[in-house]
Amino acid sequence: MTENKFSSSDPNSFSNPDEAVVKCIHLSLNVDFNKKILAGFVELEVKKVEDNATELLLDTEDLKINSVIDLRSGNNLEFTFSDPDKIFGTKLAIKLPDNEESNIRILYETSSKASALQWLAAEQTAGGKLPYMFSQCQPIHCRSMLPCQDSPAVKAKYTAVITAPSELRVLMSAIRDGEPIKNSDGTSQHKFHQDVPMPSYLIAIAVGNLESRELGPRSCVWSEPEYVDSAAYEFAETETMLKKAEEVCGPYVWGIYDILLMPPSFPYGGMENPCLTFVTPTLLAGDRSLAGVVAHEISHSWTGNLVTNRNFEHFWLNEGFTMFVERKIIQRMQGEKIHQFSAINGLNDLREAIKVMGADSPLTKLVVNLEGVHPDDAFSSCPYEKGFTFLFYLETQVGGPDVFEPFLKKYLDHYKYQSIDTNDFKKFFLEYFDKNEKSQKVDWDKWLYTPGMPPIIPDYDKSLVLPCTELTNKWIKWDGSNPNPFTEDDLKCFDALQIQEFLAQLLLANSFTLSKVILMQEIYQLNKYKNSEIRFRWLRLCIKARWYDVVPLALEFATKYGRMKFVRPIFRDLGKWEETRDEAIRVFRAHQHQMMNVTAAMVAKDLEISLDV
Ligand code: BES
Ligand code: ZN
């Protein structure tokens, strides 16, 4: 047993990249649906950073390590585990050979409870006939899939050879090496390579009955056959978005940009796995109104995947910048008014998040302290929207997009293939704009280290939000006297984002009565909306107004999908309402084993109950 010391560059990792660093990862794994495990080996190409480094420290979580071999000599290498840490897993220390560079093979298998992996039985898939497995490694779950330096400070290339039942297709966050090769035992081999060095949290795998449709010259969409045509329609703008992103950020270095439409239990809206973005099926609105998530994940190809936060304390460098680039794509495709409207929309999410966390919560700072804190527990809209607001403010301050966009490109080019922290950004900004008077007046400490709402809120163009605010006020001020002043035409000239904004404003308002939501349903038929962002806010508004009739609908929505953005607030709301609390807990218990690990853990927290019964 060795002591648990954290990485010098990352409070959430036990690895030691400042002494010896993993440069390349080769995975060779068998996907075992019976045991729900991945089993095989990983080879790590390790380079000493310090000449006298004696050991390689890796992160693991619930892994079974069978042996460790030095491939040069063929000798076994000594390895020791430290005491498991409840939050961050178990440090694995491997004694290094004397050479400066070594190739180490680790034979291992995952646990059937690996936090990165979700195993779906055939009945849980759209087709109902074949099983499915997928991973979600960000922020720090890769350690449950392979022993690795699970810190975004470390970037490595990877290759993989994956064996799976021949009826299934394997996809990874990498380039496919040809078509699968059939073995004689009913399995096939799928090969991949990722030549761009990337952090461990971007390693991703999905195995299922998957089919593809072409979206553009470098893009396909993949999903179970049942959804592939809807998905192809919904994400048809992918190539246009890629081109706009390249205009803003520079060349796309990852070659392929495919999209995988995930099973309903996928916990996020989207995940920027290189070469293969994962997206939730809650984006299938039928009218492309939620495709902005794809613009977001495309943007990560630069902000996050090329220039990466050194650890998750600087997560805003990933997500704030990505919101900023996402909205630049939206601006180029839909115009300035929609761009600014989307920014206003984001401020609602930020207000809501800060309301839940408390305005003095240290986790509402732009740069957070994650010592002893799991980044999943720190997750919120703050790095996204406070980060966006800061960048929008900086852009305005230095003279607008004409001045800021060339800077952004230069910043991305300067730090590409690296992992950086907020000070690197600050330094680069101040040097680039050293002759720009206003740039030197930015109060960095206030923006970065003060909790609560941003110190300055830009004066966005309100023309698209105004009709929403007017309708909100009309509903709030209406005293219930008859005849009521509302008609179904109120929403006729609103687009999906405006309906969403209208509902978000009502949600932020202090009180809204039961009779009003009932009337609203009668007039606007909001129960019928399929757009998940609209449905989510409408259901929450009804719960807030204590409309008991919608509770079954809300629970159905929150158990059909695993997207935490929707599931968590609904369970939280129902858990806080005395009359629905027991029912919410009962439904959660009945579904928790079908949920992904993170989702179940977070909802248990939101309901203030323990995960195990
Ligand atoms: N990288 C995130 C998802 C993520 C964050 C996974 C932290 C695990 C830990 C992804 O790019 C994201 O931000 N998704 C958003 C999209 C939205 C902001 C457009 C989501 O899931 O809703
Ligand atoms: Zn993101």
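The shown structure was predicted, so the numbers you read here are calculated from the model rather than taken from an experiment. All residue numbers refer to positions in the sequence shown, counting from 1. When a ligand or atom number is given, it counts from 1 through the structure's own listing order.
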* Looking at the Zn ion (ligand 2), is one of the N, O or S atoms of Glu319 less than 2.8 Å from it? -> yes

* Structure fact -> Between His300 atom NE2 and His296 atom NE2, the angle centred on the Zn ion (ligand 2) rounds (to 10°) to 100°

* Residues Gln149, Asp59; criterion side-chain hydrogen bond (donor to acceptor under 3.5 Å, both in side chains); working and verdict -> CA-CA 6 Å; Gln149 294 189 314; Asp59 295 295; over 6 Å; no

* Asked: Phe88 and Phe6: ring pair (Phe, Tyr, Trp, His ring centres under 6.0 Å), yes or no, with the steps?
  -> CA-CA 10 Å; Phe88 301 111; Phe6 288 99; 5.4 Å; yes

* For Asp376, all residues meeting salt bridge (charged side-chain N to carboxylate O under 4.0 Å, His left out), sequence neighbours excluded -> none

Pick out the protein N or O atoms lying less than 3.5 Å from any N or O of ligand 1, and list each pair with its distance.
residue, atom, partner, partner atom, Å
ligand 1, 1 (N), Gln138, OE1, 2.8
ligand 1, 1 (N), Glu272, OE1, 2.6
ligand 1, 1 (N), Glu272, OE2, 3.2
ligand 1, 1 (N), Glu319, OE2, 3.0
ligand 1, 11 (O), Glu272, OE1, 2.9
ligand 1, 11 (O), His296, NE2, 3.2
ligand 1, 11 (O), Glu297, OE1, 2.8
ligand 1, 11 (O), Glu297, OE2, 3.2
ligand 1, 11 (O), His300, NE2, 2.9
ligand 1, 13 (O), His296, NE2, 3.1
ligand 1, 13 (O), Glu319, OE1, 3.3
ligand 1, 13 (O), Tyr384, OH, 2.6
ligand 1, 14 (N), Gly270, O, 3.3
ligand 1, 14 (N), Glu297, OE2, 3.4
ligand 1, 21 (O), Gly269, N, 2.6
ligand 1, 21 (O), Gly270, N, 3.4
ligand 1, 22 (O), Arg563, NH2, 3.3

* Do NZ/NE/NH1/NH2 and the carboxylate oxygens of Arg572 and Glu608 come within less than 4.0 Å? -> no

* Determine whether more than 12 heavy atoms belonging to other residues, nucleotides or ligands lie under 6.0 Å from atom OH of Tyr227. => no

* Asked: In chain order, what residues pass the side-chain hydrogen bond (donor to acceptor under 3.5 Å, both in side chains) check against Thr303, with sequence neighbours excluded?
  -> Thr322

Show which side-chain atoms of residues 241-248 pair as donor or acceptor with protein atoms under 3.5 Å away, not counting sequence neighbours.
residue, atom, partner, partner atom, Å
Lys243, NZ, Glu239, OE2, 3.4
Glu246, OE1, Arg218, NH1, 3.3
Glu246, OE1, Arg218, NH2, 2.9
Glu246, OE2, Arg218, NH1, 3.4
Glu246, OE2, Tyr252, N, 2.9
Glu247, OE1, Arg332, NE, 3.3

